[in-house]
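To start, the structure under review is shown below, and the notes come after it.
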Amino acid sequence: MTTALALPLADPELAARLTGRLSLVEERLRDAVSQPDQLADDASRHLVNAGGKRLRPMLTLLTAELGDGARREVLDAAVVVELTHLATLYHDDVMDSAPLRRGAPSAHEVWGNSVAILTGDLLFARASTTVAGLGPDAVRIQAQTFERLCLGQLHETVGPRPDEDPVAHYLQVLADKTASLIATSARFGAMFSGCRPDVVDLVTEFGEKIGVAFQLADDVIDLTSDSAATGKTPGTDLRERVPTLPALLLRARAARPDASPEDLRVLALLDGDLTGDDALAEAVAALRTHTVVDETRRRAVGLARAAAVGLEPLPGSAVKDALVSFAQTLVDRTA
């Protein structure tokens, strides 16, 4: 099952090309995760079969339309970025003790932590094999992206230094852990479709901005959506004490001399025992209606708009319009 990101496209020919190529990517992705060993095969296919937005390969295919999107290398690059993303999910779920992923049991819930971690490693290996066929520049970019992914996870795990602003620290974590791979997705599409270096740089920056916006939108969704839409209980991040921007903004407000009684009340709920469903629901309801959620949403929308403004040097086209729609869709979604 694949629940690819629904991208509104005004140009039916562009929509048909992207749909067809994304189907090819899906076929190649399933081939890429196949293993002769039955356990490795079952575990490697677990998240592919669970579906997903496929926004990274979609972005690769979309930026490739700025050049020759039909090149074989473009499809290979799209497979690489999704394999890399899937590999990180196996590791993230172990570190976060997440019971569900995309509405299905996480791999570590089915096979245990060791198998889940090794399966993620296997997918990284398959991504490396594919990217090696794209040349040394692609290998270097993939290695740099992998380094940022690891640093983002590391810095999220240890938290900010005592002298570091928690909000700035968090935004850097998002840039490394999420935006780096989305930026590479955009970069690969333009690179391997033969775009000029300035166009490659432009879409890379676009990907970096929308990557952070995407994760900020997720912070809002964690509080405002229902479990049927997201596959997880609202407020899961609060219960697991995973930092999100609304909670960090609230803490910053509560620490000020002019903190309001409401700021302090909501923070007390967040810092309480959230293991019970009623306590979690009360904390989610209180934070959901606080202005820090609107501020987080505004930041996400602002980044998406800044990303769209960055595309202004590109000539007008259906592809440019689609990229603007892509950025807007990431922050407007509800799941």
Side-chain angles (χ1 to χ4, degrees), residues 4-11 13-26 28-29 52-85 127 130-131 133-135 137-142 144-145 148 175 178-214 303-331:
L5 183 73
L7 182 62
L9 295 173
D11 187 319
E13 292 185 4
L14 176 61
R17 284 198 304 274
L18 291 176
T19 300
R21 287 172 186 160
L22 191 60
S23 295
L24 291 175
V25 170
E26 193 69 24
R28 293 193 183 195
L29 188 62
K53 297 179 181 66
R54 304 292 191 254
L55 73 89
R56 292 156 187 83
M58 173 64 84
L59 183 56
T60 299
L61 298 176
L62 185 52
T63 58
E65 287 291 319
L66 295 168
D68 181 2
R71 290 183 177 181
R72 176 194 60 81
E73 293 87 351
V74 170
L75 295 180
D76 287 344
V79 171
V80 166
V81 296
E82 187 64 9
L83 277 175
T84 303
H85 173 58
T130 304
V131 81
L134 295 172
D137 284 345
V139 172
R140 175 180 53 80
I141 292 166
Q142 175 76 352
Q144 291 170 342
T145 304
R148 288 187 66 189
T178 301
S180 63
L181 185 56
I182 293 177
T184 294
S185 302
R187 184 178 189 177
F188 275 172
M191 272 180 62
F192 293 111
S193 65
C195 291
R196 300 189 316 269
D198 62 306
V199 174
V200 174
D201 291 344
L202 186 149
V203 300
T204 302
E205 184 61 27
F206 170 84
E208 188 82 21
K209 285 186 172 67
I210 65 171
V212 177
F214 171 78
L303 278 168
R305 287 175 177 166
V309 170
L311 298 177
E312 286 182 355
L314 295 176
S317 69
V319 179
K320 181 179 179 180
D321 292 343
L323 285 168
V324 172
S325 294
F326 189 95
Q328 193 61 46
T329 298
L330 290 188
V331 295

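All figures in this text were calculated on a predicted structure; none of them were measured in a lab. The first residue of the sequence shown is numbered 1, and numbering continues consecutively from there.
At least one side-chain heavy atom of Leu323 sits under 4.5 Å from a side-chain heavy atom of Leu66. The side-chain heavy atoms of Ile141 and Met191, taken from C-beta on, include a pair separated by under 4.5 Å.
Taking all atoms of both residues into account, the shortest heavy-atom contact from Pro57 to Val25 is CB-CG1, 4.0 Å. Pairing each heavy atom of Ala213 with each of Val331, the nearest pair is CB-CG1, 3.8 Å. In this structure, Val203 and Ala186 approach most closely via the heavy-atom pair O-CB, 3.4 Å. Contact detail for Ala327 and Ala304: the closest heavy-atom pair is O-CB, 3.8 Å. Pairing each heavy atom of Gly189 with each of Val74, the nearest pair is O-CG2, 4.4 Å. The two residues Gly67 and Cys195 have their closest heavy-atom pair at N-SG, 3.7 Å.
Remark: Phe206 CZ to Leu311 CG distance equals 5.0 Å, nearest 0.5 Å. Arg21 CZ to Thr19 OG1: the interatomic distance, rounded to the nearest 0.5 Å, is 11.0 Å. Interatomic distance, NZ of Lys53 versus OG1 of Thr329, reported as 12.5 Å (0.5 Å rounding).
Every residue two or more places apart in sequence or in another chain was checked for a side chain to side chain contact (heavy atoms under 4.5 Å, CB included) with Asp201, and none qualifies. Applying the side chain to side chain donor-acceptor pair (under 3.5 Å) test to Glu205 and every residue at least two apart in sequence or in another chain returns Lys209. Looking at residues two or more places apart in sequence or on another chain, you find a side chain to side chain contact (heavy atoms under 4.5 Å, CB included) between Glu312 and Val309. Partners of Gln142 under the side chain to side chain donor-acceptor pair (under 3.5 Å) rule, at least two apart in sequence or in another chain, are Thr84. Scanning for side chain to side chain contact (heavy atoms under 4.5 Å, CB included) contacts around Leu18 gives Leu9, Leu14, Met58, Leu61, Leu62, Glu65, with sequence neighbours left out. For Glu73, there are no salt bridge (Lys or Arg N to Asp or Glu O under 4.0 Å) partners, not counting sequence neighbours. Applying the side chain to side chain donor-acceptor pair (under 3.5 Å) test to Arg187 and every residue at least two apart in sequence or in another chain returns nothing. Applying the salt bridge (Lys or Arg N to Asp or Glu O under 4.0 Å) test to Arg148 and every residue at least two apart in sequence or in another chain returns Asp176, Glu208. Residues passing the side chain to side chain donor-acceptor pair (under 3.5 Å) test with Ser193, sequence neighbours excluded: none. With sequence neighbours excluded, the residues that form a salt bridge (Lys or Arg N to Asp or Glu O under 4.0 Å) with Arg196 are Asp198.
Residue-environment remark: CZ (Arg28) exceeds the threshold of 12 foreign heavy atoms within 6.0 Å.
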*Would you check, one step at a time, whether the test side chain to side chain contact (heavy atoms under 4.5 Å, CB included) holds for Asp76 with Val131?*
CA-CA 7 Å; Asp76 287 344; Val131 81; over 6 Å; no
*asked:* I'd like to know whether Arg54 forms a side chain to side chain contact (heavy atoms under 4.5 Å, CB included) with Leu29, so could you lay out the CA-CA distance, the side-chain angles of the two residues, the decisive distance to 0.1 Å, and finally the verdict.
replied: CA-CA 11 Å; Arg54 304 292 191 254; Leu29 188 62; 3.9 Å; yes
*Verify side chain to side chain contact (heavy atoms under 4.5 Å, CB included) between Leu314 and Leu202, making sure each step is shown before the conclusion.*
CA-CA 9 Å; Leu314 295 176; Leu202 186 149; 4.0 Å; yes
_As a quick check of understanding, evaluate side chain to side chain contact (heavy atoms under 4.5 Å, CB included) for Asp11 and Val319, giving each step before the final call._
CA-CA 9 Å; Asp11 187 319; Val319 179; over 6 Å; no
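Residues in residues 178-204 take part in these ring-ring contact (aromatic ring centres under 6.0 Å, His included) pairs, two or more places apart or across chains: Phe188-Phe192. Screening residues 318-328 for side-chain hydrogen bond (donor to acceptor under 3.5 Å, both in side chains), with sequence neighbours left out, gives Gln328-Asp332.
Residues Thr184 and Thr145 have side chains that bring a donor and an acceptor to within less than 3.5 angstrom of each other.
Results of the side chain to side chain contact (heavy atoms under 4.5 Å, CB included) test with His85 over Leu55, Thr178, Ile182, Leu181 single out Leu181 as the only residue that passes.
Between the side chain of Ser185 and the main chain of Val81, no donor-acceptor pair closer than 3.5 Å is present.
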